[in-house]
Amino acid sequence: MADPTSPKLPVAGAVVRIPKAVAAPGAQALKVRLNKRMAELGLCSRREADDWISRGWVRVDGQPAVMGQPVAANARIDVAREAEQYQRQQVTILINKPVGYVSGQAEDGHEPAVVLVQPQNRWRECNSRMRWGHEQLRGLAPAGRLDIDSIGLLVLTQDGRVARQLIGEDSEIEKEYLVRVTYQGEQGAETVNVQAVFPPEKLALLRHGLSLDGEPLKPARVEWQNPEQLRFVLKEGKKRQIRRMCEQVGLFVTGLKRVRIGMVNLGHLPVGQWRYLAPHERF
């Protein structure tokens, strides 16, 4: 007898997705909204799921899906090939954001980093075969923030799966920063050999023990790279988090650069230039 949990053959014109878990016999199946379930399975973002449902690209247990439909964990979800083709055309772009640009919407006269995503700013060493097109700007949004005074790796994507991976509620993706600092201690300001005068107990606080906006921060990896520069590795991204953390222990940030997100490094990408995320790269 065939295993009822084994994948079924796809029907013509559709890609069949089998959920990760099947409810135990006799157990009451808990239901969630279809768009949430599709996001949990890594098929797409909730917004994309709603778009696909409205286009008629999704079936649940063989029936056309409807917006807001509740589904059980053992429901069979079929996605039309049109959805996969549409998804493959979506781009993810890495940019080395300069100082003076905001991550998202324009504000206070400052332009968003997305305005730099033009053919003339594409890094000459970008080896992607993807060709530039204006349609790639449609829906291209930052997956995470990098404040106006900071430089470094910023991810812009049309792909809801990437956005959810980087900024979803359950994201555990590491972000690495190099941070130049000065220190205002009891003996006055130190700008040259900050490491020598910065108290070890305050370094410990940066690693764990601080709070922002009334909430305790997750543990961070913080260590000296040189006498004036710290390396931060965080798994969260509150607004101006590193600058505010440093202020609490008497440090003043004079330069901040993000050099890594997950397993993707900034590398030698020049400031103000961009490249496509390569097919083999994963966050």
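In what follows, residues are counted from 1 in the order of the sequence shown. Here the structure is a predicted model, which means the values were calculated and not measured. The analysis underlying the following values was restricted to heavy atoms, covering all of them including side chains, and did not include hydrogens, waters or symmetry mates.
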Beyond-backbone contact of L217 with Q241, side-chain heavy atoms, under 4.5 angstrom:
yes
Next item on the list: Is it possible for you to say whether W57 and L43 belong to one hydrophobic cluster, with membership spreading through side-chain heavy-atom contacts below 4.5 Å?
Entry: yes
Nearest heavy-atom contact between N193 and P227 is OD1-CB, 3.3 Å
What one should report as the nearest heavy-atom pair of P142 and I167 is O-CD1, 4.5 Å
For E172, is the CD atom crowded, meaning more than 12 foreign heavy atoms sit under 6.0 Å from it?
yes
Backbone of P279 reached by a side-chain donor or acceptor of R282 within 3.5 Å: yes
On a heavy-atom basis, the closest approach of T254 and V181 is OG1-N, 4.0 Å
Rounded to the nearest 0.5 Å, the NZ atom of K235 sits from the CD1 atom of I173 at a distance of 9.0 Å
Residue pair L94 / I261, side-chain heavy-atom distance below 4.5 Å = no
- V249 and Y177: same hydrophobic cluster, using ILVMFWY side-chain contacts below 4.5 Å? yes
query = Hey, does F252 have a side-chain heavy atom less than 4.5 Å from the side chain of E247?
reply = no
Sidechain-backbone polar pair: R145 side chain, G237 backbone, donor-acceptor under 3.5 Å
yes
Could you tell me whether the side chain of K36 reaches within less than 4.5 Å of the side chain of R46, counting heavy atoms only? yes
Taken to the nearest 0.5 Å, the spacing of R275 CZ from N127 CG works out to 8.0 Å
Rounded to the nearest 0.5 angstrom, the CD1-CD1 distance for I151 and I95 is 12.5 Å
- Query: Any side-chain donor-acceptor pair under 3.5 Å between Q90 and E48?
  - Reply: yes
Check your understanding: Checking S54 side chain against D51 main chain: does a donor-acceptor pair fall under 3.5 Å?
Key -> yes
Value for CE (M263) from CD (E174), rounded to nearest 0.5 Å, stands at 10.5 Å
task = Look at the side chain of Q158 and the backbone N and O of G139, then say whether any donor-acceptor pair between them is shorter than 3.5 Å.
result = no
Please output the side-chain donor-acceptor pairs of residues 196-212 that fall under 3.5 Å, not counting sequence neighbours, one pair per line with the distance.
residue : atom : partner : partner atom : Å
K202    : NZ   : Y183    : OH           : 3.3
R207    : NE   : V222    : O            : 2.8
R207    : NH2  : V222    : O            : 3.0

Rounded to the nearest 0.5 angstrom, the CE-CG distance for M67 and L34 is 9.5 Å
Side chain of W274, backbone of K97: donor and acceptor closer than 3.5 Å? no
**Report entry** Joint cluster assignment, V66 & V79, ILVMFWY side-chain distance < 4.5 Å
**Finding:** no
In short, V114 meets L137 closest at the heavy-atom pair CG2-CD2, 4.2 Å
Report task. Without swapping roles, check the side chain of N96 against the backbone of G152 for a donor-acceptor pair under 3.5 Å. Result -> yes
For residues 87-119, the ring-ring contact (aromatic ring centres under 6.0 Å, His included) pairs (sequence neighbours left out) are none
Query raised in the report: Taking NZ, NE, NH1 and NH2 as the nitrogens, is one of them in D50 or R33 under 4.0 Å from a carboxylate oxygen of the other?
Result: no
Of all heavy-atom pairs linking R243 and D147, the shortest is NE-OD2, 3.2 Å
### Task
Find out whether D213 and E215 are in side-chain contact, i.e. whether some heavy atom of one side chain is under 4.5 Å from a heavy atom of the other.
no
Closest non-hydrogen contact found for A72 with K31 is N-CG, 3.9 Å
Partner of V233 under side chain to side chain contact (heavy atoms under 4.5 Å, CB included), picked from R260, K175, E223, is R260
| said: Could you check whether any side-chain N or O of S171 sits under 3.5 Å from a backbone N or O of L166, counting only pairs where one atom can act as donor and the other as acceptor? | reply: yes
The side chain to side chain contact (heavy atoms under 4.5 Å, CB included) partner of L178 among N226, V259, L230, L256 is V259
Quick note, side-chain hydrogen bond (donor to acceptor under 3.5 Å, both in side chains) partners involving residues 128-139, not counting sequence neighbours, are Q136-Y276
When you look at NZ of K218, are more than 12 heavy atoms from neighbouring residues, nucleotides or ligands closer to it than 6.0 Å? yes
| task | Could you tell me whether the side chain of R37 and the main chain of A73 form a donor-acceptor pair under 3.5 Å? | result | yes
query: L41 and V71: same hydrophobic cluster, using ILVMFWY side-chain contacts below 4.5 Å?
result: yes
(Q) Can you confirm whether I53 sits close enough to Q69 that some side-chain heavy atom of one is under 4.5 Å from a side-chain heavy atom of the other? (A) no
field: Student check: side-chain heavy atoms of F232 and M245 closer than 4.5 Å
entry: yes
Of R221, R231, R258, the one forming a side-chain hydrogen bond (donor to acceptor under 3.5 Å, both in side chains) with E176 is R231
Check: Is there a side chain to side chain contact (heavy atoms under 4.5 Å, CB included) between L251 and V194 once you walk through the steps?
Finding: CA-CA 9 Å; L251 293 172; V194 181; 4.0 Å; yes
_Path from L146 to V115 over hydrophobic side-chain contacts below 4.5 Å_ = yes
Does any part of the side chain of T182, heavy atoms only, come nearer than 4.5 Å to the side chain of Q184, both counted from C-beta?
no
Value for CG (D108) from CD1 (I148), rounded to nearest 0.5 Å, stands at 7.5 Å
